[in-house]
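For reference, positions follow the sequence shown, starting with 1. Just so it is clear, the structure is predicted and the values come from calculations on it, not from any experiment.
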Amino acid sequence: MDIVISIASKIAESLVTPIGREFGYFIYYDTNMKDLKDQLEKLFEKKDGVQELVNAAKRNGEVISSDVQSWLTSVNELIQKVLHFEEEVNMKRQRLYRWNISRKATKITQDVLHLQKEGTFNNVAHPAPPPMISSAFKEGFKDFKSRMTCVNRVIEVLKNEEVRMIGICGMGGVGKTTMVKEIIKRLEGLKLFDNIIVMAVVSQSPNIQKIQSEIAEELGFTYNENTDSGRARRLYGRLMEINRILIVLDDVWTELDFEAIGFPSGLTHKGCKVLLTSRNLEVCTAMGSQEILTIPVLTPEESWELFCEIVGEPLDYPDLAKRVTNECAGLPLAILTVAKALENTRKYEWDDALKQLQSSVWNNRVYSSIRWSYDRLESDEAKSCLLLCCIFPEDYDIPIDYLVRYGWGRGYFSNTDSVEEARNRVHSLVDKLQRRFLLLDSKLKDHTKMHDIVRDVTIQIASRDPHRFLIRCDAKKKGWPKIYDHYTTISLIPINIDEIPVGLECPKLELLHSEGGCYSENSMEIMCKGMKELKVLGMGGISVLPSSLGVLKSLRTLSLNGCHFRYISDVIGRLENLEILSFRNCFNIVELPREIGLLIHLRLLDITDCIRLQKIPHGLLSSLSSLEELYMENSFRKWERSATESEDKRMASLVEVMSLSNHLKVLVMCIPSFNFFPKDFYLTIQTTIRFHISNRLCPTGFSIVDSDAFKNKLDIVDSDATEFMEIQTVRLLFKKCEDLILGRIKNLKYVLNVLDQEGLQHLKVLTIWDCPEIEYLVNGASWTQQTAFPLIQSIQLMWIPKLKAICHDQLPQSSFINLRSLELYDCPVLKYVFSLSVASNLVQLQSLNVDRCRQMKEIVSKEWREHETASDIIAFPKLTNLTLQGLYNFVGFYKVNKHEVTTPKDENVHQSSRSFERAVFPSKCILWLQNLEEVKLKFDDGIVDVLFDLKGHTGPVFSHLRKLEILLAFACQHLWKNIPRGLQGFQNLRHLKINYGTDLQYVFPHSIARLLVNLEELNIAECWQMETIVRSADENEKEDQRGMTLFPKLNSLDLDGLPKLKTLPSVIPQIKKLEKDSTAHHEDEDEGISSGSCGCTPYSCGPMTKPTSRTNVVQILPRPVNQEVAPTNLDQDSNDYDNLERLSIQSCKSLKVVFQLKGSKAVESHNVQALNKLCYLSLYKLPSLMHVWETGGSQHITGFGNLTFLSVSHCGGLRYLFLSTVAKLFVSLKDLKVGNCKKIKQVIAKADTECADQEITFPQLNSMTLEDLPNLICFSTEAYTLKLPSLMNLKVIRCPYLRTFASKVVNTHSRIQVHTELGKSEWMGDLNSTIGNIQEKRETR
């Protein structure tokens, strides 16, 4: 009886609770509605806050986090849901509906609370990734067969998930580094490693810190850790965060300790792969390379082709040239150096080259070829310059100014009267050596590099008579040389000199270079006493200057950069022949000794970045009667303004500096204020002087002075123009200035009128920021007839609140004629950029960027009473880059007056013939902009209604345009309009991105789509009214449509936030030629199959096609019906135009089918494989999606053979992922993710035409994720034999009904890592048992 009562009690409880809840909906109607309203207000506040952070991040060029984007999308979807709910509430006002409405309000409130909880983010964005590593590579790879075989093999092996390390071996000079760079370029195009490929040069003496730093720089992060081990842990953590990454290690000589560097092992991170190059096959083997490829030398035919390309054809001595080429033994480096040296030479030099090459054995031919090129250098200066480069470490970025200063000290440069002349000579020599391939370009400005093979040969040359160089880059291990008395040049890097032999004598030593060393004071004393003939001393890291330094009477160059001493010994005054003295980056120096003023021969003094320097005694600088160059950037700032102190306490003054002007050629200094220049000092600056003077302190170590002929530069901030223009010296500096920066300047209304009435004739770069009173750069109404800014090349104006125009009224002809770049940021009252008169001069303009100028209406304006025909002579022939963003009142590039619009008599415009006055690019200015290559348009608001008004243009138009990026947050309904029949143009457009085209119903008219034969990447997002990508052809376009394959080179397609999308043009080429029989054509359409359609049915395009038998099905990537193959298409049976590699579709609520595949006899007979280059497919938030692949019952399905990544998520209508006939196509699939698909019961479903007892294999599937699939019962419910030979990782998360993986699973790894929401699961011997065990544990919990 108690049991019965207990059961009855439980039943009553289970009934009362839901009844009470349902009754509560009715009682608490008002409360529930108020709760919903209150919570929505909180959510909207949170959304507004997040959106503001997102907008700010976008302005800073950061990448918005995917979870933030997803959250904002979910909020927007909820808003739509609430709007529909409001309509329902308004329609159902009777009390009988209150229960239903209150119930819905409660559920919506729960959704709101959930979004509120999820809407808290630590960061909404992260910095944009650094540019691809290949962007810094120069062209230089020749696709010879001997090279391409190796390149293709490396790429093929890298695709193998089991291979982690590959080695490329070959002798020095065979081209390993060049090949690796080409491999990187190709891999980036394939996107195998998520565009994350890093490269570090190891070299003969590995430097762990250098390797770590190079990789961190390419990954876009910096280290805070000071130790190698700390950096290793940081690097390891960062690499583990990246799913797929390739690390390229170039020039490896010995086995590396990956753990010490911070590289994960293959067992801990299978997605981290290593590609290394080495001259030693044993090194590759020792490091565990699973495949090693050896690069052969070039074949004779390849060698000859390369040689002829360098020397140039026709050849005067072809037989002799072939013999010389053969002697280079197929080594690219030898061929390059010899061929370059023989360029434009006579026959006797060819004979001599052949003889020298023949006299060396094969192993020495690289040496001989480089030695021969060295011997052919025209001057001893060039040879000395090359030898000087080898004293620096391998793979070192060599500062050219080091070559200048060291070479000057050695007396290398004849007929040079100044350091400036020597610098020009060195730059000329370096250019020549680079043209001979003896030196290389550096990624750093005013630096050069040396190939390690050239360096090895050069060291051999330098070590012999008469040069006698000693070069040691491992001196820390070997210490001071035992035999040293005959050397003229010694370079030891790095070195700890604790025990220098007593009585050291280096009677011939003229140059000692040492970096990164540790020196005792005693050892320094011994060194100085034993090197009395020393002319050049370059050392870093010393903490005290030895007293014996004064014995170096022959010393001409003393470079103590980066030393740690605070005080400079007065013995420096005894170096009576010293001409170059540098303390750059000596951060601890507090005072310059007065004895430096005794150096009467000193030509160059460099105290750059001596940030703690407080005292320079008065009179020191004026005593330097021979000083030519003075560098004081980020250094001494306590200049004396008036003589108020006693003589011993007085500081250096600018009057002293100005007194040097008769012989000073370079002046770089920071001053507290330009008012420190004396008003009564009349300065006559030589025409040859170069200067950079700033009153702004730059960050330590950041120098904006280039050693090579830098521009005369003034950087003036926080100053009053009225005050500094009263100083004659400042006025003269303005006249000579080439680079001018003005920031927060008061009393400056018209820049040119105030600063220089002669028009700043030498100015090339102008940057102005935050100057509150500027209205014009030049006021033409009060201007002379002098040309304004005749040499100006770059103008950047930022945060100028009162700027009305670049110039007021008209200017003399040729003003701004050399302007190449113009950038305008945050000029809120600026209404236009150029008047017609100024625009007519801009024949050199290459880049224009206008950002956040809210009142901007047009770029070119007819503002100053120009004649009506003035616009006819406008052209921007060199304008290649155009960026317009944040222009709220923009009406177009040029506002066309109605009487200016002309319609060509012979043109038949088959769209609306009205001229769009509100076009970004109106018809009038189309021909002005014919060389544009990149265009970025981002309008948060605006009143234009079309981008390109093409009225009257048959082309070619915009034929150079490669990249077009558009963000249109306003009512623009058309991108292209008024398109004449037969239009040509846009044929080089490769990248197109469209965001927030809220009123766009389509992207391309068919007449435009057919032109885009080179389009590679298409990205469309947040276009809420868009129903199709390509609008169907109208009656006038039908003829143009015949025989066209749309977008034949498209390889990446991203669609996101297109809720009304219905159709998409084909990206699969038509390859089977059809007959021109319109009847047969329509019969094929009725069957839903087009002849030779590669298994894809045609898309619906209005009157052109009939609907297929399936109704209410939205198709993506169906194929257009072609009546014939156009001449530009491929030959029959070729599918080279099937180039799509990446497809991503998100938030397209109307889509029901992605791929509709239907086989045909044509397909079977021609063995067509549709979308066979597709490797990445992502489908997200497609709630109406019913089928990813719909086969129509056909068994003849092919294609998708390269698909490696497949992700399907939040597709609530799917009941299965693919049929068994489709599953067999995925022979390359490696990563499968399925999540949040509530109706999916199985991943693989049985095809109607197949029997169940079949075998399905995923040979390369390595990782599988099944997440949040509440109805998933089994991977496949049919009796298939499922083979998963490569599966290593399986995640099964929140799949409550998955009890068995498949009826029969064979050929799997002996141990697969299985993870659930509970953590890592125990492996039970096979997959089905493991899944069953997981379910048992769930039920137990």
Side-chain angles (χ1 to χ4, degrees), residues 203-205 207 209-210 387-399 401-410 450 455 459 462-463 467-501 504-506 508-546 548-549 551-552 554-565 568-569 572 575 578 580-586 606:
S203 71
Q204 194 168 358
S205 301
N207 184 323
Q209 183 176 346
K210 178 175 177 288
L387 295 182
L388 202 53
C389 288
C390 75
I391 72 172
F392 299 95
E394 187 177 320
D395 194 50
Y396 190 76
D397 292 289
I398 305 166
D401 228 40
Y402 271 40
L403 303 180
V404 175
R405 298 178 186 190
Y406 283 13
W408 180 274
R410 290 293 298 268
M450 199 175 220
R455 181 175 178 273
I459 289 175
S463 64
H467 313 293
R468 288 297 175 183
F469 281 36
L470 172 66
I471 314 294
R472 282 188 180 174
C473 288
D474 55 352
K476 193 171 184 177
K477 298 178 182 177
K478 295 184 178 180
W480 189 262
K482 295 180 180 179
I483 301 174
Y484 42 77
D485 56 353
H486 62 291
Y487 291 117
T488 64
T489 301
I490 294 178
S491 174
L492 303 172
I493 304 171
I495 188 167
N496 291 332
I497 306 178
D498 293 324
E499 295 184 5
I500 298 294
L504 172 75
E505 290 292 337
C506 298
K508 297 181 180 180
L509 190 64
E510 295 186 354
L511 187 153
L512 174 62
H513 172 74
S514 179
E515 289 184 8
C518 180
Y519 317 92
S520 66
E521 186 173 354
N522 182 56
S523 62
M524 289 294 298
E525 295 285 347
I526 297 174
M527 285 171 56
C528 290
K529 292 177 181 178
M531 305 175 182
K532 295 180 181 179
E533 298 303 316
L534 204 62
K535 295 180 180 179
V536 178
L537 175 60
M539 305 190 79
I542 62 175
S543 300
V544 61
L545 283 181
S548 58
L549 186 68
V551 305
L552 303 178
S554 299
L555 198 65
R556 298 180 67 194
T557 294
L558 176 60
S559 178
L560 300 172
N561 298 340
C563 289
H564 307 308
F565 45 74
I568 302 171
S569 171
I572 202 165
L575 304 176
L578 195 65
I580 293 177
L581 176 60
S582 178
F583 297 111
R584 180 181 286 258
N585 296 323
C586 293
D606 188 348

Here the pair of heavy atoms bringing Met531 nearest to Leu509 is SD-CD2, 3.6 Å
In this structure, CG of Leu387 is separated from CD1 of Ile471 (nearest 0.5 Å) by 9.0 Å
For Cys389 and Leu403 the tightest heavy-atom approach is SG-CD1, 3.9 Å
Would you sort out whether Leu545 and Leu560 count as a side chain to side chain contact (heavy atoms under 4.5 Å, CB included), showing the intermediate values? CA-CA 10 Å; Leu545 283 181; Leu560 300 172; 3.5 Å; yes
For Cys586 and Gly562 the tightest heavy-atom approach is SG-N, 3.8 Å
Shortest non-hydrogen pair, Pro393 vs Tyr396, comes out as O-CB, 2.9 Å
- Fit a plane to each ring of His467 and Phe469, take the angle between them on a 0 to 90° scale, and name the class: parallel (under 30°), tilted (30 to 60°) or perpendicular (over 60°). perpendicular
Hits for side chain to side chain contact (heavy atoms under 4.5 Å, CB included) against Glu394, two or more places apart or cross-chain, chain-then-number order -> Ser203, Gln204, Asp251, Trp253, Asp452, Arg455
Value for CG (Leu555) from CG (Leu537), rounded to nearest 0.5 Å, stands at 6.0 Å
In terms of heavy-atom contacts, Arg468 and Ser463 come closest through NH1-O, 3.5 Å
Got a sec: does the NZ of Lys210 have more than 12 other heavy atoms crowding it under 6.0 Å?
yes
One should read off an interatomic distance between Glu510 CD and Arg556 CZ, to the nearest 0.5 angstrom, of 10.0 Å
Exercise for the section: Without swapping roles, check the side chain of Arg410 against the backbone of Lys535 for a donor-acceptor pair under 3.5 Å. Expected result: no
Original post:
Parallel under 30°, tilted from 30 to 60°, perpendicular over 60°: which one fits the rings of Tyr406 and His513?
Top reply: perpendicular
d(Leu578 CG, Ile580 CD1) to nearest 0.5 Å is 8.5 Å
* Side-chain donor/acceptor of Asn561 to backbone N/O of Asn585, under 3.5 Å -> no
dist Leu512:CG -> Thr488:OG1 (nearest 0.5 Å) comes out at 12.0 Å
The side chain to side chain contact (heavy atoms under 4.5 Å, CB included) partners of Pro546 (sequence neighbours excluded) come to Met524, Glu525, Cys528, Ser548, Leu549
Quick one: are Leu388 and Leu511 in side-chain contact, heavy atoms under 4.5 Å? yes
- Side chains of Ser582 and Arg405: does their closest heavy-atom pair fall under 4.5 Å? yes
Rounding to 0.5 Å, atoms SG (Cys506) and OH (Tyr487) come to a distance of 10.5 Å
Heavy atoms of Ile391 and Ser491 approach each other most closely as O-OG, 2.5 Å
Discussion item. Under a 3.5 Å distance rule, please check whether Ser543 uses its side chain to pair with a backbone N or O of His564 as donor and acceptor.
Written reply: no
* Could you walk me through whether Leu581 and Leu575 pass the side chain to side chain contact (heavy atoms under 4.5 Å, CB included) check? -> CA-CA 10 Å; Leu581 176 60; Leu575 304 176; over 6 Å; no
